[in-house]
Protein chains: 2
Amino acid sequence: MADGGTVEHAPPQCDAALTHAFELLGKRWSGVILGALMERPAGFAALRRATGGISDSVLSERLGELGAAGLVVREVDEGPPVAVRYRLAPPGEALVPVLRDLGDWARDHLHAAP
Amino acid sequence: MADGGTVEHAPPQCDAALTHAFELLGKRWSGVILGALMERPAGFAALRRATGGISDSVLSERLGELGAAGLVVREVDEGPPVAVRYRLAPPGEALVPVLRDLGDWARDHLHAAP
DNA sequence: AGTAGTTGCTTGGAAAATACTAGCAACTAC
DNA sequence: GTAGTTGCTAGTATTTTCCAAGCAACTACT
């Protein structure tokens, strides 16, 4: 090989961009929230139901982070009554094919624990 | 629409398979470990260096979970000295294109926080 | 021989993240 | 008026993760 077969490899590294992706998706519930919004926009309570186990404070925090990262937008209808909808922004939409592939992969390769 | 426009939609749900995927990848460091192993097999210490901030106990736990899920195999060379290598199993290999796409997506759509 | 470093982990306590639960304002429905 | 819902915030409890020490078995050096 190029290194003459004598040089120790540097340790492997996760690609910086992938690491960055997992800084977001590696947090509890982030991916599941995006997965729910992939289906259609939803309000806070609907997202709470969609996740099934998240606390309100963490849901609020995750939505804030996803918003700050540009993946999700928050749309407010002043009503009455006030109605808020969270929707995937274009960068979030761009992630949808990857999430679909991840779901397909999981269907084929992840099996329920015994 | 098919529902006559009068029926409330059920709340959106994340696909069950995708939820299952995030039960694994939504844990701190799991994705980054897989990303490092995508490059090449590695020992425990090399994975510790690859992640840059993980504790030994969590690394051990994550490798155990990834092994139990069938994504990673642990190969031991009794030596001396003992040498252990962690390597992607076929289901982990099958995830590589998805991880590559995720990295590509992050490169294009996730920008450093201000 | 003895010391130092590395690998591949385990362990217990501290810190951070998350869950739990109550609460609030503003609304609708009865 | 009462009860329920939405869309959150806030304080406390619990769980997860980090930190640091430790261990056995090895290699390398003095």
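The chains referred to below are lettered A, B, ... by the order of the sequence lines, with proteins before strands, and numbering in each begins at 1.
- Within a 6.0 Å radius of CZ in B:R100, other residues, nucleotides and ligands contribute 12 heavy atoms or fewer.
- As judged by a 4.0 angstrom heavy-atom cut-off over every strand, A:V82 is placed among residues making no nucleic acid contact.
- Rounding to the nearest 0.5 angstrom, the gap separating the CG atom in B:L47 from the CG atom in B:D56 is 11.0 Å.
- When each of A:P80 and A:G26 is assigned the nucleotide of DNA chain C bearing its nearest heavy atom, the one mapping closer to the 5' terminus is A:G26.
- Spacing between atom CG of B:L47 and atom C1' of C:dT6 amounts to 16 Å, rounded to whole angstrom units.
- For the pair A:K27 NZ and C:dA19 C1', the interatomic distance rounds to 16 Å; values are reported in whole Å.
- Heavy-atom distances under 4.0 Å link DNA chain D to A:R74 of residues 65-78 of chain A, given in residue order.
- For B:V58, taking side-chain heavy atoms from C-beta onward, the closest of the listed nucleotides C:dC27, D:dT17, C:dT18 is D:dT17.
- Going from atom CG of A:L59 over to atom P of D:dT6 covers 13 Å, rounded to whole Å.
- Rounding to the nearest 0.5 Å places CD of B:E23 at 8.5 Å from CZ of A:R28.
- Here the side chain of A:D56 is nearest to one of C:dC27, D:dT6, D:dT9, namely D:dT9.
- To the nearest angstrom, P of C:dC20 lies 16 Å from CD of A:E61.
- Distance CZ (A:R48) to P (D:dG7): 9 Å, rounded to an integer number of Å.
- Distance OH (A:Y86) to C1' (D:dT6): 11 Å, rounded to an integer number of Å.
- The number of heavy atoms from other shown groups lying within 6.0 Å of CZ (B:R107) is above 12.
- Whole-Å rounding puts the A:I54 CD1 to C:dC20 P distance at 11 Å.
- Going from atom CG of A:L18 over to atom CG of B:L34 covers 9.0 Å, rounded to the nearest 0.5 Å.
- Here D:dT17 presents its C1' atom at 10 Å from CH2 of B:W29, a figure rounded to the nearest Å.
- Distances were taken from every side-chain heavy atom of B:S55 (C-beta onward) to each of D:dT16, C:dC20, D:dC18; the shortest belongs to D:dC18.
- In this structure, the nucleotide among D:dC18, D:dC26, D:dC8 sitting nearest to the side chain of A:V84 is D:dC8.
- With a 3.5 Å ceiling on both atom-pair distances, the Watson-Crick or G-U wobble partner of C:dT6 is D:dA25.
- Among the atoms of the strands shown, only primed sugar atoms or phosphate atoms (P, OP1, OP2) are found under 4.0 Å from some heavy atom of A:R49.
- Atom CG of B:L88 is separated from atom CZ of B:R40 by 12.5 Å, given to the nearest 0.5 angstrom.
- Nearest to the side chain of B:S57, among D:dC8, D:dC19, C:dC9, sits D:dC19.
- Contacts of B:G53 with the nucleic acid, taken as non-hydrogen atoms under 4.0 Å apart, involve only primed sugar atoms and P, OP1 or OP2.
- Base pairing of C:dC30 is made with D:dG1, judged by Watson-Crick or G-U wobble geometry with both donor-acceptor distances under 3.5 Å.
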